[in-house]
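Taking it in order: structure first as structure tokens, then the write-up.
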Amino acid sequence: MAAAEESLRKALAEKQSAVEAQGNAVRALKAAKAAKSEIDAAIEALNKLKLEKSTIEKQLQAAVSGTDSREAFRQAAVNTLERRLFYIPSFKIYGGVTGLYDYGPPGCAIKSNVLAFWRQHFVLEENMLEVDCPCVTPEVVLKASGHVDKFTDLMVKDEKTGTCFRADHLLKDFCNDKLPNDLSISAEKAAELKHVLAMLDDFSAEELGAKIKEYGITAPVTKNPLSDPYPFNLMFQTSIGPSGVSPGYMRPETAQGIFVNFKDLYYYNGNKLPFSAAQIGQAFRNEISPRQGLLRVREFTLAEIEHFVDPEDKSHPKYSEVANLEFLMFPREEQMSGQSAKRICLGDAVSKGIVNNETLGYFIGRVYLFLTRLGIDKERLRFRQHLANEMAHYAADCWDAEIECSYGWIECVGIADRSAYDLRAHSDKSGFPLVAAEKFSEPREVEKLVIAPVKKELGLAFKGNQKNVVEALEAMNEKEALEMKAALESKGEVEFFVCTLDKNVVIKKNMVSISKEKKKEHQRVFTPSVIEPSFGIGRIIYCLFEHSFYTRPSKDGDEQLNVFRFPPLVAPIKCTVFPLVQNQQYEDVAKVISKSLTAAGISHKIDITGTSIGKRYARTDELGVPFAITVDSTKDVTIRERDSKLQIRVDVEEAASVIKSVTDGHRTWEDVWANFPHHTSGSSDD
């Protein structure tokens with residue numbers, strides 16, 4: 001019995017051991033499966049990481065390749081432009097001066113054509129009043145406009161060599177280089193650099209200096225340490241007269257000459273609003289570190305329009321002519337949310353309040369038509385709205401026409417609603433009221449806002465700054481004044497920003513009286529608002545050069561030939577005249593055609609060299625000449641179109657009139673091609 005019990009206990013123990021062993025085996029299997037799952041997940045994550053790294057590397061290679069491609073394209077275009085004397089560095093035999101360029105014969109012709117079309121498109125079609133004011137401007141004028149105190153950039157110096165750099169450009173270049181090229185930066189760091197780029201215009205000298213030190217930014221070439229940023233006024237200072245007691249500046253813009261002449265222009269226009277004044281002229285900015293060729297220079301041509309309008313009525317009678325235009329626009333909301341520019345109907349943008357008013361919208365539309373008719377690619381043209389931190393406090397709305405070139409998106413035209421700031425500033429400084437009046441058919445009883453600064457109290461509080469505070473109080477609009485009145489009545493004091501002091505001051509209840517009085521008026525006197533389109537002509541021309549430049553293979557395919565596809569409107573030379581071979585009869589016919597072209601006002605050039613016709617075509621294609629007349633008989637000739645290389649035959653007597661009709665825009669090449677006999681010849685192909 002005892003033996004049986006012992007045997008049973010052993011059997012039960014063995015069974016228990018077997019059960020435990022089975023449980024351990026199951027747990028081990030589960031652990032193995034879990035481990036395998038973790039290993040598989042780790043392998044998958046590693047593969048995903050490799051894939052992401054590969055994708056990033058490919059994107060980086062594509063970006064580098066794209067950058068290299070853009071730089072190669074730019075170099076080819078610039079080499080051609082300088083070799084064919086479109087423009088060259090000034091004073092080249094003395095080593096040149098950074099930021100100064102000379103236009104050669106074809107460059108001068110293109111610039112002249114662009115300005116002629118600007119006058120046609122704006123001054124003539126809009127009945128503008130054109131003025132021409134001096135480049136030298138007295139200091140008092142630019143003091144009133146704010147340029148003497150605020151027309152500055154922050155500058156840093158190489159502490160060892162003394163070389164100067166724009167501080168914001170160094171920080172911008174650092175961020176733009178770091179973001180695409182440094183694969184090790186964290187998402188947080190990338191977000192920080194993007195924020196720095198967005199806030200660049202808002203940084204004070206101290207903040208900019210702190211960022212430069214934080215990121216270890218040094219002088220670009222020498223890698224020497226940099227000084228702290230400090231403001232540098234960009235105007236060229238001079239002295240008017242030999243005594244030196246009348247300081248002046250070379251004007252940084254042409255607009256001030258129009259503003260100070262407002263009263264005379266208003267009278268010339270029959271004391272009626274709205275009207276526009278325009279000016280084309282040289283402007284001067286002593287750039288700290290000019291770069292990017294014609295895009296950032298120290299002397300340049302501006303074409304500016306100042307459109308004076310009643311601030312209570314910014315409608316435009318011709319707005320409907322542009323309302324249906326659709327093009328790339330980049331409103332501030334899209335910029336802030338990281339979106340791209342999108343095609344928007346101009347009428348929709350105005351009706352939805354994206355563009356502040358009809359007159360501003362009208363000029364945006366007219367600028368779009370001007371640029372695209374010049375030859376700017378509409379797919380590489382956008383209108384970008386200024387962000388809140390870019391706009392002056394007085395501006396109602398601002399847009400830039402930006403053109404994409406190998407340097408990126410470049411601001412070429414600014415279109416701003418500047419409210420009444422400029423005329424008020426000059427009125428206050430000069431003591432001469434630059435105002436307009438609306439006469440009523442019958443007297444009106446109106447509530448008039450009366451702002452009466454208490455000069456004694458303001459003098460005690462602000463001493464030498466009393467005048468600035470008084471002027472700022474008197475310049476308040478009705479909304480600002482009523483808000484101040486309410487705040488003073490409830491709190492007894494209020495903070496008030498004085499723009500001429502660039503700071504807030506505390507205004508107490510005993511310092512100003514704000515009330516409304518009923519009066520009978522026969523007219524409404526007001527300071528007009530100003531809407532200002534401002535064109536950087538050199539920037540537009542450079543972008544036109546890039547948009548027009550391309551290469552194509554020669555007839556034999558052994559070389560690439562450079563071509564500028566300038567529209568006839570702006571081409572430096574409208575056509576060339578070639579005798580096919582050196583033959584006196586052909587040369588005589590060429591001279592007859594030349595006289596006809598001259599009489600028709602068409603710029604042209606005769607080439608009677610013995611060079612092959614293909615090489616002569618290539619030379620003129622490189623200058624952007626749209627048409628070539630080849631004399632191969634005494635009765636009729638061929639006309640070749642540059643881009644298609646197609647040719648027609650016309651009578652000698654008709655050649656000049658056909659060229660004129662196409663270059664003036666009365667006919668297209670397609671019209672001409674459809675109405676004249678076609679010509680084919682192996683010798684005429686490039």
Side-chain angles (χ1 to χ4, degrees), residues 71 89-92 94-101 137 139 142-143 145-179 181-182 189 192-239 244 247-253 283-300 389-390 407-408 410-411 502-503 536 538-539:
E71 289 180 357
S90 300
F91 317 112
K92 194 163 63 171
Y94 289 100
V97 178
T98 310
L100 296 177
Y101 289 89
T137 306
E139 183 182 56
L142 295 166
K143 186 78 173 174
S145 68
H147 285 85
V148 171
D149 297 322
K150 296 183 179 179
F151 195 65
T152 59
D153 280 336
L154 291 172
M155 183 169 78
V156 290
K157 277 187 179 180
D158 181 317
E159 290 190 338
K160 293 185 179 178
T161 67
T163 306
C164 300
F165 306 94
R166 262 186 67 167
D168 60 333
H169 281 179
L170 292 182
L171 184 55
K172 182 179 180 180
D173 291 346
F174 172 84
C175 295
N176 283 334
D177 181 62
K178 199 83 171 167
L179 281 167
N181 297 330
D182 189 347
K189 192 67 175 178
E192 178 192 325
L193 295 178
K194 288 177 182 177
H195 179 70
V196 167
L197 287 172
M199 300 301 294
L200 208 52
D201 291 335
D202 270 0
F203 283 150
S204 64
E206 293 74 20
E207 290 168 329
L208 206 52
K211 286 293 178 189
I212 287 172
K213 286 179 181 175
E214 179 185 342
Y215 297 146
I217 298 172
T218 55
V221 177
T222 63
K223 306 303 178 188
N224 292 330
L226 296 166
S227 69
D228 291 331
Y230 60 95
F232 172 76
N233 194 292
L234 299 178
M235 292 192 295
F236 287 97
Q237 190 165 14
T238 187
S239 181
Y249 296 88
M250 303 301 289
R251 65 183 179 190
E253 61 182 27
F284 307 82
R285 297 181 186 179
N286 196 11
E287 294 284 353
I288 294 168
S289 49
R291 54 185 184 174
Q292 300 178 339
L294 293 180
L295 298 180
R296 189 170 293 280
V297 292
R298 288 177 165 134
E299 179 180 349
F300 50 95
N389 66 332
E390 293 178 276
Y407 290 106
I410 304 299
E411 172 200 343
D502 198 25
K503 67 177 183 179
R539 290 186 170 196

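Sequential numbering from 1 along the given sequence is applied to the chain's residues. Remember, it's a predicted structure, so these values are computed and weren't measured experimentally.
- Side-chain atoms of R285 come within 3.5 Å of backbone atoms of P252 as a donor-acceptor pair (strictly under, hydrogens ignored).
- Across all non-hydrogen atoms, the minimal contact from S227 to V156 is O-CG1, 3.4 Å.
- For E207, the side-chain hydrogen bond (donor to acceptor under 3.5 Å, both in side chains) test picks out S204, with sequence neighbours left out.
- Using a 4.0 Å cut-off between a side-chain N of Lys or Arg and a carboxylate O of Asp or Glu, D182 and K178 qualify as a salt bridge.
- Scored by the side-chain contact (heavy atoms from CB on, under 4.5 Å) test, D173 finds R291 as partners (sequence neighbours excluded).
- Sorted by first and then second residue, the side-chain hydrogen bond (donor to acceptor under 3.5 Å, both in side chains) pairs with a member in residues 229-239 form an empty list; sequence neighbours excluded.
- Residues satisfying the salt bridge (charged side-chain N to carboxylate O under 4.0 Å, His left out) criterion with K92, sequence neighbours excluded, are absent altogether.
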Step-by-step side-chain contact (heavy atoms from CB on, under 4.5 Å) determination, L179 to L197: CA-CA 11 Å; L179 281 167; L197 287 172; 3.9 Å; yes
Show your working on side-chain contact (heavy atoms from CB on, under 4.5 Å) between M235 and V148 and close with a plain yes or no. CA-CA 8 Å; M235 292 192 295; V148 171; 4.1 Å; yes
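- Partners of E287 by salt bridge (charged side-chain N to carboxylate O under 4.0 Å, His left out), not counting sequence neighbours, listed by chain and number: R296.
- Applying the salt bridge (charged side-chain N to carboxylate O under 4.0 Å, His left out) rule to K194 yields no partners; only residues at least two apart in sequence or on another chain are considered.
- F300 has its side chain out of reach of L294: every pair of non-hydrogen atoms, C-beta onward, lies at least 4.5 Å apart.
- The side-chain hydrogen bond (donor to acceptor under 3.5 Å, both in side chains) test applied to N176 returns no partner, not counting sequence neighbours.
- Distance alone, capped at 3.5 Å, places no donor-acceptor pair between the T163 side chain and the D158 backbone.
- Rounded to the nearest 0.5 Å, atoms CG (D168) and CG (L200) are 5.0 Å apart.
- Residue pairs that meet the ring-ring contact (aromatic ring centres under 6.0 Å, His included) test with at least one member in residues 147-167, sequence neighbours left out, are H147-F151.
- Remark: F203 engages no residue in a ring-ring contact (aromatic ring centres under 6.0 Å, His included) (not counting sequence neighbours).
- Within a 6.0 Å sphere centred on NZ of K150, other residues, nucleotides and ligands contribute more than 12 heavy atoms.
- Here the options are S289, P89, S90, P290, the test is side-chain contact (heavy atoms from CB on, under 4.5 Å), and the partner is T98; only P290 passes.
- Under the 3.5 Å distance criterion, the side-chain polar atoms of R539 are matched with a main-chain donor or acceptor of L295.
- Residues forming a side-chain hydrogen bond (donor to acceptor under 3.5 Å, both in side chains) with N389 (at least two apart in sequence, or on another chain): none.
- By the side-chain hydrogen bond (donor to acceptor under 3.5 Å, both in side chains) test, D153 pairs with R166, sequence neighbours left out.
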Exercise answer: donor-acceptor pairs, residues 209-220 side-chain atoms, under 3.5 Å, sequence neighbours excluded:
unit_1 : atom_1 : unit_2 : atom_2 : d
K213   : NZ     : D228   : OD1    : 3.2
Y215   : OH     : E192   : OE2    : 2.4

